[in-house]
2 protein chains.
Amino acid sequence: MNSQAVEDYLKAIYKLQSSQSMVVTSALADHLKVNPASATGMIKKLADSNLVSYERYQGVKLTPPGEKIALEVIRHHRLIELYLAEALNVPWDQVHDEAEKWEHILSEDLEDRIDKILGYPTTDPHGAPIPSRDGNIEQRNTNLLSELTQGDNAIIVEVSDDDTDMLRYLGKLELYPQTNIQIISISPFDQLITIRIIPNKDSNNDFVIGQKVASSILVSKLEED
Amino acid sequence: MNSQAVEDYLKAIYKLQSSQSMVVTSALADHLKVNPASATGMIKKLADSNLVSYERYQGVKLTPPGEKIALEVIRHHRLIELYLAEALNVPWDQVHDEAEKWEHILSEDLEDRIDKILGYPTTDPHGAPIPSRDGNIEQRNTNLLSELTQGDNAIIVEVSDDDTDMLRYLGKLELYPQTNIQIISISPFDQLITIRIIPNKDSNNDFVIGQKVASSILVSKLEED
DNA sequence: ACTAAACTTTAGGCGCACCTAAATTTTAGT
DNA sequence: ACTAAAATTTAGGTGCGCCTAAAGTTTAGT
């Protein structure tokens, strides 16, 4: 087995696993943009290597060794994203695609050098936690921005990193991780959300986002004033 | 055709072409550590794509488009080597192996960013010239250190970059690019070369190198005092 | 000029990850 | 509980770069 393919599959399973506890073949195939039949084939090989546990027609789940590899790749990916942003000034909407390529060839030695230069960071430019070298990853209590209700105060924790256009748009709106926001209102029927960035008292700067944007933002709720 | 394989073949042909004007199948196969039959197969595909010109049983030569790609890859390789050495403190005997992996995935955008950060450099850590973006590479008038004769003064221009152990050894001897040396003597029969590093007047620091080391160093002769 | 050795190419196969089409299993609606 | 639709797997095939073994070409020595 080619290790790049293995890493891509394990990483995809890891990401999909957060929503469902068992990842279904079609979801995996969709995510990797391969035919479901191809995913089945690869899944069987991964199961033979003990990287996933697999039940025919049911789905797939990472084993501990599979999860370890997934977390190593994710660590590489996020360290590289941050390094590209900090050291090479790559805009945050481009770092993901670059990191997708680099994550598979990063040596342990370079990983350590980058980690050190960045000062042992814990989150990437999109706010996602960087797993530790030994495979620990911070668990957070978050909500989708789309789940909030009128009046809620929250801090943006993380934005999804894989949609360049979305990221550029969020950048324009200045919706970065660590930004405090308040939900001013939610319109009935079409669920448009009016938001205010919090240090800003001027209601002229309120703006409206739709469901698609709102569900690409992870927040942590803050106590009301 | 997988582009990594194509790039590796073109780069290898470029390097071998400097010694012979037509590269023979077995030399290419040796360099790439594949079976000669495999090289033949790939050569045919490269010829079909107009990247090399090929005569059965005679050998292979880069076409202009093939050379352009080769020089782009070499530019990537050398920029990355220098970047790793300068920005990430990777020791000079390790940068080659890392660069071998990174050269194939470097985007134009990142290439430019790295080039700029390094101040548009013209040589890599081993003294090899970095091709320009449009594919020009400095031609030099050099000799192998092993070709010099007693009394010659010379400056080290370049050392071969692909032998980790050799590089570590040269580092220990402080034989870096830009170092001035003098050939003190050459022993008969076994051709051992006694060398002095030139700002050093103390003959106690003279040392002896053999043919293998001497032929991994490119020098430019200096006028006698 | 000939022949043996060295080199190169051809022929036939392999594993990889992918694909389409057909068969199987699960699911959801009545 | 049954059946139609949806999801999944199996079967069979592709291109890729690699391999070994056999056949063909060039070369160097007599």
Side-chain angles (χ1 to χ4, degrees), chain A residues 1-17 19-62 66 69-70 73 100-101 103-105, chain B residues 1-17 19-62 66 69-70 73 100-101 103-105:
Chain A
M1 282 183 294
N2 171 324
S3 79
Q4 161 132 12
V6 171
E7 288 170 5
D8 282 339
Y9 272 84
L10 295 177
K11 190 171 57 139
I13 295 167
Y14 181 90
K15 286 192 174 163
L16 295 168
Q17 217 167 248
S19 11
Q20 334 155 242
S21 89
M22 201 156 233
V23 176
V24 104
T25 302
S26 57
L28 186 55
D30 273 9
H31 191 90
L32 293 168
K33 295 186 172 122
V34 298
N35 191 285
S38 309
T40 299
M42 192 67 194
I43 284 168
K44 283 173 159 182
K45 289 181 204 159
L46 295 174
D48 288 346
S49 309
N50 230 311
L51 296 171
V52 301
S53 60
Y54 172 50
E55 274 183 85
R56 275 166 89 244
Y57 294 101
Q58 297 312 123
V60 76
K61 214 166 47 176
L62 293 177
I69 294 175
V73 179
E100 283 289 292
K101 300 180 295 185
E103 64 190 8
H104 301 294
I105 58 165
Chain B
M1 280 183 298
N2 169 326
S3 79
Q4 161 130 14
V6 171
E7 289 170 5
D8 283 339
Y9 272 84
L10 296 176
K11 190 171 56 140
I13 295 166
Y14 181 90
K15 287 193 174 166
L16 295 168
Q17 217 167 245
S19 12
Q20 335 156 241
S21 89
M22 199 156 234
V23 177
V24 104
T25 304
S26 56
L28 185 55
D30 272 9
H31 192 89
L32 293 167
K33 296 191 171 120
V34 298
N35 191 286
S38 309
T40 299
M42 192 67 195
I43 285 167
K44 283 172 154 183
K45 289 181 202 158
L46 295 174
D48 289 345
S49 309
N50 229 310
L51 297 171
V52 300
S53 60
Y54 171 52
E55 274 183 86
R56 270 166 91 248
Y57 294 101
Q58 297 313 123
V60 78
K61 214 166 46 178
L62 293 177
I69 294 175
V73 179
E100 283 289 293
K101 300 180 295 186
E103 63 190 10
H104 302 293
I105 58 164

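Distance OH (Y54(A)) to C1' (dT10(D)): 10 Å, rounded to an integer number of Å. We find that CG of N2(A) is positioned 6 Å from P of dA17(C), with the value rounded to whole Å. Rounded to a whole Å, the CE atom of M1(A) is 23 Å from the P atom of dC16(D). When the P atom of dA17(C) is taken as reference, atom CG of L10(A) falls 12 Å away, rounded to whole Å. Here the C1' atom of nucleotide dT8(D) and the CD1 atom of I43(A) are 10 Å apart, to the nearest Å. Atom P of nucleotide dC18(D) and atom CG of L46(B) are separated by 10 Å, given to the nearest angstrom. Protein atom CE of M42(A) is 18 Å distant from nucleotide atom P of dT8(D), rounded to whole Å. In this structure, L28(A) places its CG atom 10 Å from P of dC18(C), rounding to the nearest Å.
Backbone-only engagement by S26(B) is indicated by non-hydrogen atom pairs under 4.0 Å involving sugar-phosphate atoms exclusively. Within 4.0 Å of N35(A), counting heavy atoms only, lies at least one base atom of the nucleic acid. Residue S38(A) is classed as a base contact, given a heavy-atom separation below 4.0 Å to a base.
Side-chain proximity of T25(B) to the nucleotides dG17(D), dT9(D), dT8(C) is greatest for dT8(C). Between dT9(C), dT8(D), dC18(D), one nucleotide has an atom nearer to the side chain of P36(B) than all others, and that is dT9(C).
Residue K44(A) has a polar side-chain atom (N or O) positioned under 4.0 Å from OP1 or OP2 of dT10(D). Within the 4.0 Å cut-off from OP1 or OP2 of dG15(C), not a single side-chain nitrogen or oxygen of K45(A) is found. Neither OP1 nor OP2 of dT26(D) sits under 4.0 Å from any side-chain N or O of R56(B).
By the 4.0 Å N-to-carboxylate-O rule, K61(A) lies too far from E55(A) to be salt-bridged with it.
With the nearest nucleotide of DNA chain C identified for both A37(A) and E55(B), E55(B) has the one nearer the 5' end. Map Y9(A) and Y57(A) each onto its nearest nucleotide of DNA chain C; the residue landing nearer the 5' end is Y9(A).
In plain terms, the two heavy atoms of G59(B) and Y54(B) that are nearest each other are O-CD1, 3.4 Å. Nearest heavy atoms, K101(B) versus I105(A): NZ-O, 3.2 Å.
At a threshold of 4.5 Å between non-hydrogen side-chain atoms, the residues K45(A) and V6(A) do not count as touching.
With hydrogens and angles disregarded, a donor-acceptor distance shorter than 3.5 Å links the side chain of Q17(B) to the backbone of L62(B).
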